[in-house]
Student: 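Submitted below is the structure of interest, expressed as structure tokens.
The shown structure was predicted, so the numbers you read here are calculated from the model rather than taken from an experiment.
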There are 2 protein chains.
Amino acid sequence: MTQPIPLFNANCNECGLKKLCFPLGLEKSEVLRLDALVKRKPALQKGDILFRSGQPFQAVYAVKAGGFKVFTQHASGEDKLIGFYLPGDILGVDALSTDEHVSTAVAMDTSTVCEIPFKDLEQLSLQLPTLNRQLLSIMSKELSDERMHAEFLARKSAEERLALFILWLSQRQARRGFNDESFRIGLLHRDVALYLGLTPETVSRVLAKFSEEGLVEWRQKHLTIHHRARLDALANHQEEGVCGRIAG
Amino acid sequence: MTQPIPLFNANCNECGLKKLCFPLGLEKSEVLRLDALVKRKPALQKGDILFRSGQPFQAVYAVKAGGFKVFTQHASGEDKLIGFYLPGDILGVDALSTDEHVSTAVAMDTSTVCEIPFKDLEQLSLQLPTLNRQLLSIMSKELSDERMHAEFLARKSAEERLALFILWLSQRQARRGFNDESFRIGLLHRDVALYLGLTPETVSRVLAKFSEEGLVEWRQKHLTIHHRARLDALANHQEEGVCGRIAG
DNA sequence: TATTTTTATTGATTGTAATCAAGAAGCGCT
DNA sequence: AGCGCTTCTTGATTACAATCAATAAAAATA
């Protein structure tokens with residue numbers, strides 16, 4: 001009850017997430033045609049795999065509930081966390097040019113997805129310019145997310161990386177119409193560390209410091225932002241009262 | 001004469017880069033229709049700006065000769081190098097969802113581009129499924145490049161980052177049919193440092209070390225790879241004879 | 001060619017996060 | 001609820017790259 005739960009229905013026109021998904025901008029009649037392509041799959045349990053690196057690319061997936069972590073399995077054993085996907089996000093487009101998935105998607109929680117066979121989607125999008133544009137838009141959004149990821153990693157200090165990361169999480173919540181001050185986030189420290197190019201120990205230490213200073217509280221998969229302005233200052237290395245006790 | 005120069009002509013069908021560009025997979029007659037959209041612009045000089053962050057998005061650009069560095073101008077003054085684009089690469093698609101360029105492209109050398117108005121391209125691609133697919137493919141390639149970028153940045157050691165980066169540069173040369181052992185690369189140490197999340201000093205030191213150990217030589221914008229296997233080992237932190245003088 | 005500016009190199013020092021290690025807390029399971 | 005495994009926290013130490021600084025080398029300019 002801490003979180004507004006969007007309504008999902010069997011059909012796209014009634015789906016609470018349609019503004020974040022392929023239907024954006026489409027006429028109702030067009031949505032119906034899209035809807036006909038969608039295969040709604042039974043819920044996946046935490047740890048279940050949606051697709052695995054190397055599998056043939058056949059469909060894209062819209063996250064309805066829960067969330068997914070996406071990894072590359074690196075030759076040298078160590079996996080990299082590429083990203084994670086929350087309700088309204090589209091998964092799988094990265095396989096488009098290779099015809100093979102290049103990453104593995106694992107459910108972070110009990111999760112549901114809509115599966116859309118890509119061939120059908122491509123075909124329909126040739127008939128519906130708005131859908132075609134939306135597909136391009138989604139790819140473009142993926143690109144800007146990945147750029148954000150690079151942005152995190154390019155930051156030199158661990159504090160900056162984490163501050164920016166937390167603000168970005170919050171933005172994503174806001175975009176979805178959720179509470180962006182206090183929300184659940186099912187990531188382990190290890191995941192965060194992998195994503196930000198840090199170690200779990202450093203993540204722990206920095207979060208402890210943030211907590212001490214009253215910036216944010218991140219305990220047991222629940223994140224609360226107490227002082228957005230100072231977090232923002234930290235994220236953009238405008239070192240005014242950054243490390244000081246409190247500015248006001 | 002050190003480098004095979006691809007043939008560019010006024011028309012796409014005869015362009016030496018067509019296999020890397022939009023014409024890939026199209027029939028000759030289809031290429032003609034694409035060709036009709038292309039505006040060939042006069043050469044840009046080193047330092048000239050192709051597009052600037054904030055400008056309205058109207059066209060995408062195919063690099064014919066030279067190369068471009070792409071930056072974001074960050075609020076906090078410091079710019080980030082997002083990427084750089086060589087002949088055969090497509091520039092500008094990142095602006096697709098915002099209708100505004102989100103980055104600034106600067107010529108690294110004397111450079112030429114083909115400009116393709118995006119509205120026209122979009123329209124034509126609805127009629128030519130192969131072109132539509134190629135547009136998606138190009139976006140997908142952008143995405144995987146950006147992922148590679150994140151991959152560099154996530155590497156903890158400066159040596160790994162640089163080794164991987166150099167190998168990646170080499171791959172790009174190979175993809176274009178150029179010599180991938182020895183080639184020109186018009187990047188400053190500062191650019192490399194910005195791209196890899198390091199400082200110019202560190203770049204300089206690591207390159208000096210690589211040179212001492214006979215791995216690579218990178219002097220005055222010319223890069224030669226002497227020992228790919230060991231570079232590869234370094235890039236994947238399989239520390240066998242990595243720091244030792246020489247294995248064989 | 002001479003002059004100025006930019007970029008690269010090299011050295012000394014510092015700071016920050018990785019690493020190693022051990023105990024505490026949380027979570028899933030029967 | 002209790003047990004066992006995973007994850008988190010905290011501390012001590014080390015390694016690595018950033019920073020500061022000053023010279024050398026290239027480019028750009030005139």
Student: For the helix from C:dT1-D:dA30 to C:dA22-D:dT9, what angle lies between the axis at the first five pairs and the axis at the last five pairs, to 10 degrees?
Tutor: 60°
Student: Can you run down the salt bridge (Lys or Arg N to Asp or Glu O under 4.0 Å) pairs that involve residues 186-204 of chain B, sequence neighbours left out, and say none if there aren't any?
Tutor: B:K69-B:D191
Student: Using the test ring pair (Phe, Tyr, Trp, His ring centres under 6.0 Å), find all partners of A:H189 that sit at least two apart in sequence or belong to another chain.
Tutor: none
Student: Between C1' on C:dT6 and CG on B:D191, what's the gap in Å once rounded to a whole number?
Tutor: 13 Å
Student: Taking 4.0 angstrom as the limit, do A:K156 and A:E160 come out as a salt bridge?
Tutor: no
Student: Is B:S53 reaching over with its side chain to a backbone N or O of B:T72, donor-acceptor style, under 3.5 angstrom?
Tutor: no
Student: Over 60° means perpendicular and under 30° means parallel, so classify the ring planes of B:Y195 and B:H149, tilted if in between.
Tutor: parallel
Student: Please state how far atom CE in A:M108 lies from atom P in C:dC27, giving the value in whole angstrom units.
Tutor: 15 Å
Student: Aromatic contact between A:F178 and A:F183, with the criterion being ring centroids under 6.0 Å apart: yes or no?
Tutor: no
Student: Each nucleotide in nucleotides 16-30 of chain D should get exactly one letter: B, S or -. Can you fill that in based on protein heavy atoms under 4.0 Å?
Tutor: -SSBB-----SSS--
Student: When you measure from the side chain of B:R161 to the backbone of B:G197, do you find a donor-acceptor pair of N or O atoms at a distance under 3.5 Å?
Tutor: yes
Student: Please state how far atom CD in B:E212 lies from atom P in C:dT9, giving the value in whole angstrom units.
Tutor: 13 Å
Student: If the condition is ring pair (Phe, Tyr, Trp, His ring centres under 6.0 Å), which residues does B:Y61 pass it with, not counting sequence neighbours?
Tutor: B:F51
Student: Between B:W168 and B:F152, is the ring centre distance below 6.0 Å?
Tutor: yes
Student: Closer than 4.0 angstrom, basic N to acidic O: yes or no for B:R184 and B:D109?
Tutor: yes
Student: Expressed as a whole number of angstroms, how long is the span from A:H222:NE2 to C:dC27:P?
Tutor: 14 Å
Student: Distances for protein N/O vs nucleotides 3-7 of chain D N/O pairs under 3.5 angstrom?
Tutor:
| unit_1 | atom_1 | unit_2 | atom_2 | d |
| --- | --- | --- | --- | --- |
| D:dT7 | OP1 | A:R190 | NH2 | 3.2 |

